[in-house]
Trainee: 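I have a structure I would like to understand better, so I am pasting it below and will then ask my questions one at a time.
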Amino acid sequence: LDDEAIHTYAYVWPVDMFDVTHTAFDVESVAAVSTRIRETLLKIDADPLHDSEEDGSEGSEDGSEGEGEGDGDVIVLVSHADVLQIAQLYAAGASNVGTFSSYRFANGEVRAMERCVESLPVPQPLSPPKKGT
């Protein structure tokens, strides 16, 4: 949908809700995006830079963990909003990742991505396309 009018999305997103494997309108499917996200996060997680023994965060001398240690790395994902919305629903374990368009980002918005559905913002359903567009 590159270089298409914004209202074009109002035709694609409803199809995503019912079929996460579709490629109508020459789009990458939601399922394919979810797979890319999963593979990317697994590569990041497997990278030796994130090994607690390598970065010296294995805890203090008395065996206890220090403040903030053991919580894992903070990873910042930057992308087109659709990809980030799909990533957020996928990570949260949403029952239908195809509903991602109801979780739109505002311009410049930053969100935490958590592993529970309760972390998702309140969905904002799509408006139907205007007649004649």
Side-chain angles (χ1 to χ4, degrees):
L1 296 180
D2 292 337
D3 299 324
E4 295 290 331
I6 191 69
H7 66 262
T8 307
Y9 288 94
Y11 293 98
V12 178
W13 288 337
V15 180
D16 292 334
M17 292 180 183
F18 298 102
D19 182 2
V20 296
T21 64
H22 89 88
T23 56
F25 308 98
D26 200 28
V27 299
E28 181 180 18
S29 73
V30 173
V33 173
S34 296
T35 298
R36 277 195 303 121
I37 291 164
R38 180 180 182 278
E39 290 171 355
T40 299
L41 294 175
L42 288 173
K43 285 179 185 176
I44 291 169
D45 191 48
D47 191 301
L49 289 174
H50 304 289
D51 184 355
S52 63
E53 292 179 28
E54 293 284 325
D55 66 12
S57 63
E58 62 245 56
S60 64
E61 288 181 21
D62 66 2
S64 64
E65 291 187 351
E67 184 179 336
E69 294 177 346
D71 293 338
D73 294 319
V74 173
I75 299 169
V76 178
L77 301 176
V78 179
S79 181
H80 185 273
D82 286 5
V83 174
L84 295 174
Q85 291 159 190
I86 292 168
Q88 186 170 37
L89 267 69
Y90 176 78
S95 61
N96 181 0
V97 179
T99 62
F100 72 90
S101 59
S102 294
Y103 299 88
R104 293 179 300 283
F105 279 79
N107 287 339
E109 181 181 350
V110 176
R111 285 187 195 161
M113 185 170 71
E114 298 180 25
R115 306 249 344 164
C116 62
V117 177
E118 296 78 26
S119 68
L120 296 172
V122 175
Q124 300 174 6
L126 290 170
S127 299
K130 293 180 181 174
K131 191 173 183 176
T133 60

Trainee: From Leu84 CG over to Ile37 CD1, what is the distance, rounded to the nearest 0.5 angstrom?
Mentor: 8.0 Å
Trainee: If hydrophobic clusters are built by linking Ile, Leu, Val, Met, Phe, Trp and Tyr wherever their side-chain heavy atoms come under 4.5 Å apart, do Leu42 and Tyr90 end up in the same one?
Mentor: no
Trainee: Please find the pair of heavy atoms, one from Ala24 and one from Val27, that lie closest to each other, and give the distance.
Mentor: O-CG2, 3.1 Å
Trainee: Given 3.5 Å as the limit, does a donor-acceptor pair link the side chain of Arg104 with the main chain of Gln124, or not?
Mentor: yes
Trainee: Measuring only between side-chain heavy atoms, which start at C-beta, is Trp13 closer than 4.5 Å to Asp82?
Mentor: yes
Trainee: According to the interplanar angle, ranging from 0 to 90°, do the rings of His80 and Tyr9 count as parallel (below 30°), tilted (30 to 60°) or perpendicular (above 60°)?
Mentor: parallel
Trainee: What closest approach, in Å, do Ser119 and Ala92 show between heavy atoms, and which atom pair accounts for it?
Mentor: OG-CB, 4.3 Å
Trainee: Going from OG1 on Thr99 to CG on Asp16, what distance comes out if it is rounded to the nearest 0.5 angstrom?
Mentor: 10.0 Å
Trainee: Going by heavy atoms in the side chains, are Ser34 and Ile86 under 4.5 Å from each other?
Mentor: yes
Trainee: Are any side-chain N or O atoms of Thr23 and backbone N or O atoms of Asp26, one a donor and one an acceptor, separated by less than 3.5 Å?
Mentor: no
Trainee: Taking all heavy atoms of Tyr103 and all of Gln85, pick out the closest pair and write down the distance.
Mentor: O-CG, 3.2 Å
Trainee: So, Asn96 side chain and Met17 main chain: donor-acceptor pair closer than 3.5 Å or not?
Mentor: yes
Trainee: State yes or no: do Leu89 and Val78 share one hydrophobic cluster built from I, L, V, M, F, W and Y residues joined by side-chain heavy-atom distances below 4.5 Å, directly or via other members?
Mentor: no
Trainee: I'd like to know if the side chain of Gln88 and the backbone of Ala112 have a donor-acceptor N/O pair within less than 3.5 Å.
Mentor: yes
Trainee: More than 12 non-hydrogen atoms from neighbouring residues, nucleotides or ligands closer than 6.0 Å to CZ on Arg36, yes or no?
Mentor: yes
Trainee: Any idea how Phe25 and His22 line up, ring-wise: parallel (<30°), tilted (30 to 60°), or perpendicular (>60°)?
Mentor: perpendicular
Trainee: Treat each ILVMFWY residue as a node, draw an edge where side-chain heavy atoms are under 4.5 Å apart, and state whether Val110 and Ile75 are in one component.
Mentor: no
Trainee: At what distance, to the nearest 0.5 angstrom, does CD of Glu39 lie from CD1 of Ile44?
Mentor: 12.0 Å
Trainee: Please report the shortest heavy-atom distance between Val20 and Ser29, naming the atom on each side.
Mentor: O-CB, 3.3 Å
